Amino acid sequence: MCIYKIFFKSKNENRKNSNREQNSEISTNDIINDLDINDDKDIETLLMKLSGRVKETNTNLINRGLKEILSDYSFDDLKLDDKSKKKILELKELAKNIENKIIKEPNYDATKNYKIDYANELNNEQLIAVTTTDIPLLVIAGAGSGKTRVITYKVCYLIENGVNPNSILLLTFTKKAAQEMLDRVNKLLKNKIGGNVLGGTFHSFANYILRRYSKVIGIKDNFTIIDTTDSADIFSLLKSELKINKKIDGKPFPDKKELQEITTKARNIETSINNVIDKFFYKYIDYTDEIITLIKYYEKYKKTFNLLDYDDLIIILRDNLRDNAGFLKAVQNEIEYVLVDEYQDTNTIQRDIADLIASKNEKITVVGDDAQSIYTFRGADYENILRFPQFHPNCGVVKLECNYRSNQNILYFINSIISNAQIGYKKNLYTNMQSSQKPIFKKFANERDEAKFIVDKILEIKGDILNYNDFAILTRAAWHSNVIQTELMARGIPFDVIGGIKFAERAHVKDIIAFLRIIINHIDAISWHRILQLIDGIGNVRATEIITSINKKNGIIEFSEFQNRKYYDELNRLENMYNKIINNDNIKIDEIFNLIYDFYIPLFKKNYGNYDEREQDLEVLRIITSNYESIEKFLDDFTLEPPNNKFHNGVFPGSKNNKDTVKVSTIHSAKGLEWNTVFIPHAIDGLFPSEKSLSTLEDLEEERRVFYVACSRAKENLFITIPVYLESYRGYTNKPSRFIYEIDPKFYFIEGND
DNA sequence: TAAGTTTTACTTTTT
DNA sequence: GTAAAACTTA
Ligand SMILES: Nc1ncnc2c1ncn2[C@@H]1O[C@H](COP(=O)(O)OP(=O)(O)OP(=O)(O)O)[C@@H](O)[C@H]1O
């Protein structure tokens with residue numbers, strides 16, 4: 001029995017699809033002729049083939065044992081080009097330099113009367129990392145070596161040495177990570193002082209500063225932060241307005257998402273659009289001019305309507321810190337110490353921000369692990385970590401190599417994975433832990449069998465000793481756990497899904513957010529577009545016309561000039577709604593919601609099917625917002641860190657989730673976490689590493705690091721599994737992940753005969 | 001110009 | 001088996 005009601009699914013956003021016939025390219029006869037039918041296994045194979053859209057016949061994995069398969073490595077090795085070779089040499093040189101800067105002894109006064117016994121709770125290197133506060137410090141920490149612990153204790157140490165909590169800046173990868181560390185600080189210091197620390201992501205910090213210093217910077221303080229889908233929607237609008245959407249001799253033009261991707265890539269790795277197209281979107285090289293034109297209009301569009309995208313937040317902050325001495329000084333006066341977590345996943349803009357703020361007296365500590373850099377796809381540059389000494393010549397370095405998380409067998413395994421990396425700073429992770437079991441590798445006929453095995457194992461290992469909380473299923477892509485989720489549900493095992501969830505992108509959720517945004521920024525054109533186009537008779541062109549009129553009146557919402565239009569009644573209703581909200585300074589969030597619903601629900605019912613299912617999302621939104629004092633704060637949080645988990649009964653963002661559940665997560669969302677037992681399903685070459693990352697060495701290296709991050713989450717048990725047949729994706733699997741081939745077989749165990 | 005219908009091109013990770 | 005572009009109709 002399933003004890004959770006899922007409030008939304010990530011499927012069926014809109015449109016009912018007609019059932020089209022599958023056009024199979026291979027005929028039944030071909031398949032039968034292709035096979036010798038000798039036993040049950042062959043028949044099973046045949047049935048599988050007939051049922052799916054199998055394009056290629058490959059019985060390789062079905063009939064051969066894993067041992068045999070893994071003994072012949074047949075992947076093309078990617079050649080290093082000269083540029084990469086040079087880079088690797090340079091990085092090696094940098095790594096040597098790091099070695100020279102290692103600090104050997106802590107500068108710790110044990111006679112001081114601290115609340116925390118630092119020397120006792122930290123190992124020698126950790127103690128050095130915590131107590132070195134007079135010079136810039138780079139902490140290179142291997143997986144599970146206690147970097148979270150170091151940062152947490154360092155915050156305490158700073159506070160205990162008289163640093164004002166609200167002048168400590170703690171930059172982490174997610175808001176949640178910062179919150180958890182600061183909660184821990186509170187516990188350690190037995191007070192509530194940690195709550196005053198400025199903790200959050202680079203983006204949330206940028207937002208905080210930009211709004212407060214808007215005058216100095218020359219922007220309005222009520223800007224709307226738009227997410228990537230909003231950006232894409234702007235591109236879509238511009239494409240049709242500028243009529244830049246015609247194919248040239250059948251070659252497709254980038255779609256709205258791709259335009260957004262090109263834009264953000266260029267800005268995050270700080271290079272030209274030309275370069276990005278040349279390197280990453282070569283198929284669009286013929287459209288370079290049109291793309292550049294569109295992006296120019298995109299930038300203008302944002303300016304006109306007071307919109308900032310994610311990249312704007314950090315770029316505007318960096319540029320102003322760099323170019324405006326008065327502003328820099330003001331920010332520096334607020335901040336005494338800068339701590340950066342997950343430094344390997346910062347980009348150059350973020351690096352600059354941290355450096356600039358700390359530049360006055362070099363009070364900065366950065367913590368990271370280049371082997372765990374998994375966000376280069378969005379502009380992160382793990383070289384930041386290796387180059388830290390270049391930017392801070394008088395820095396010290398601490399290396400944490402003692403792993404407190406995983407048992408010896410898992411450690412051998414993960415060390416073996418990362419030893420195959422071509423790029424990177426070598427660390428020698430060791431542990432004092434006892435060994436239990438080697439990581440297990442196993443194949444299954446199909447996804448259902450894989451799922452069953454995982455669920456059975458969870459129950460078996462859990463027994464009466466462990467909790468569901470001790471288990472995680474980590475995947476490269478969110479959909480890799482689909483069948484497993486079904487199985488968990490069928491078996492009544494409570495679980496939470498984290499990552500890959502697109503709550504904020506659901507149409508009706510975006511609608512509500514659009515209504516709210518306009519309250520704050522009356523000329524938020526992209527939100528106006530959403531709302532106006534809900535009304536019958538208003539499309540792209542009419543919406544633009546109305547928005548232009550609002551903008552001309554500086555954001556006054558007044559539609560009398562459209563009196564003769566057939567949809568005026570609806571415009572009038574909208575105008576009245578906003579007047580009620582805007583003219584009442586003391587209006588509560590709940591009342592705002594009621595007014596919006598009064599207007600929206602009729603349109604909502606008309607525009608979308610499956611009303612009941614969607615309505616629950618609206619309820620979720622109401623509950624989330626009820627925790628907020630202001631719409632502004634809610635909108636900022638919702639956009640800066642959109643919910644990435646599913647909401648079950650009683651579990652909402654903001655509410656503490658103390659439920660005992662198995663975690664089903666993408667690897668990217670599992671960063672920094674740990675579990676007793678970790679499963680990595682679908683470890684199939686082409687899925688993990690992803691097919692898209694096979695062509696360049698850099699991409700492949702990153703995939704390996706993702707694999708490394710996944711495996712290094714495990715404390716006691718690690719299971720890696722592959723289904724031979726994937727019903728939902730291309731049928732037969734070719735090979736297990738190449739990362740498994742790379743590992744010395746003595747470090748893992750192949751379960752079963754096959 | 002809007003709205004509805006058919007075709008095409010895809011399945012990676014997220015602040 | 002979805003989302004967006006392209007095309008068609010009113
Ligand atoms: N000095 C220590 N003594 C005992 N346990 C420790 C010590 N330092 C860290 N640990 C434990 O080791 C585990 C891993 O620590 P932590 O999560 O801080 O590692 P991490 O470096 O952030 O890992 P990763 O980079 O892999 O995310 C935690 O369970 C932590 O409590």
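Chain naming here is simple, since letters A, B, ... match the order of the sequence lines and numbering starts at 1 in each. Every heavy atom of this structure was used, including side-chain atoms; hydrogens, water molecules and symmetry mates were not. In this text the structure is predicted, and so the values were computed from the model without any measurement.
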Does [X] place a side-chain N or O at less than 4.0 Å from the phosphate oxygens OP1/OP2 of [N]?
X	N	answer
A/Thr174	B/dT15	no
A/Thr666	B/dT14	yes
A/Lys257	C/dA4	yes

Centre-to-centre under 6.0 Å for A/Tyr282 and A/Tyr284, is that the case here?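 No, ring centres 6.0 Å or more apart.
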
is_close_aromatic(A/Tyr301, A/Tyr297), centroid dist under 6.0 Å: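 Distance test on ring centres: not under 6.0 Å, no.
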
Do side-chain atoms of A/Asn384 reach the backbone of A/Thr346 as a donor and acceptor pair under 3.5 angstrom?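 Judged by distance alone, yes, a pair lies under 3.5 Å.
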
Interatomic distance, A/Leu308 CG vs B/dT15 C1' [rounded to whole Å]: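 From A/Leu308 CG to B/dT15 C1': 14 Å.
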
Touch check for [X], heavy atoms < 4.0 angstrom, all strands: base, sugar-phosphate only, or nothing?
X	result
A/Ile538	sugar-phosphate
A/Asn540	sugar-phosphate
A/Tyr375	sugar-phosphate
A/Asp227	nothing

Testing the basics here: between A/Leu294 and A/Phe235, what is the closest heavy-atom pair and its distance to 0.1 Å?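 Minimum heavy-atom separation between A/Leu294 and A/Phe235: O-CE2, 3.9 Å.
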
Minimal non-hydrogen separation, A/Ala371 against A/Tyr708, with atom names: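 Closest approach of A/Ala371 to A/Tyr708: O-CD2, 3.6 Å.
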
Where the side chain of A/Lys692 is defined as all heavy atoms beyond and including C-beta, which of B/dT13, B/dT11, C/dA4 is the nearest nucleotide?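 Selected nucleotide (nearest to the side chain): B/dT11.
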
The side chain of A/Asp536 lies closest to which of these nucleotides: C/dA4, B/dT15, B/dA3?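 Nearest listed nucleotide: B/dA3.
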
With nearest nucleotides of DNA chain B determined for A/Thr228 and A/Asp699 from heavy-atom distances, which residue corresponds to the more 5′ nucleotide?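 Nearest nucleotide further toward 5': that of A/Asp699.
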
Strictly under 3.5 Å: I want the nitrogen or oxygen pairs between protein and nucleotides 7-10 of chain C, one per line.
none

Paired and unpaired positions of DNA chain B as dot-bracket, Watson-Crick or G-U wobble under 3.5 Å, | denoting a partner strand: ||||||||||.....

According to salt bridge (charged side-chain N to carboxylate O under 4.0 Å, His left out), who are the partners of A/Glu270, at least two apart in sequence or on a separate chain?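 A/Arg318.
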
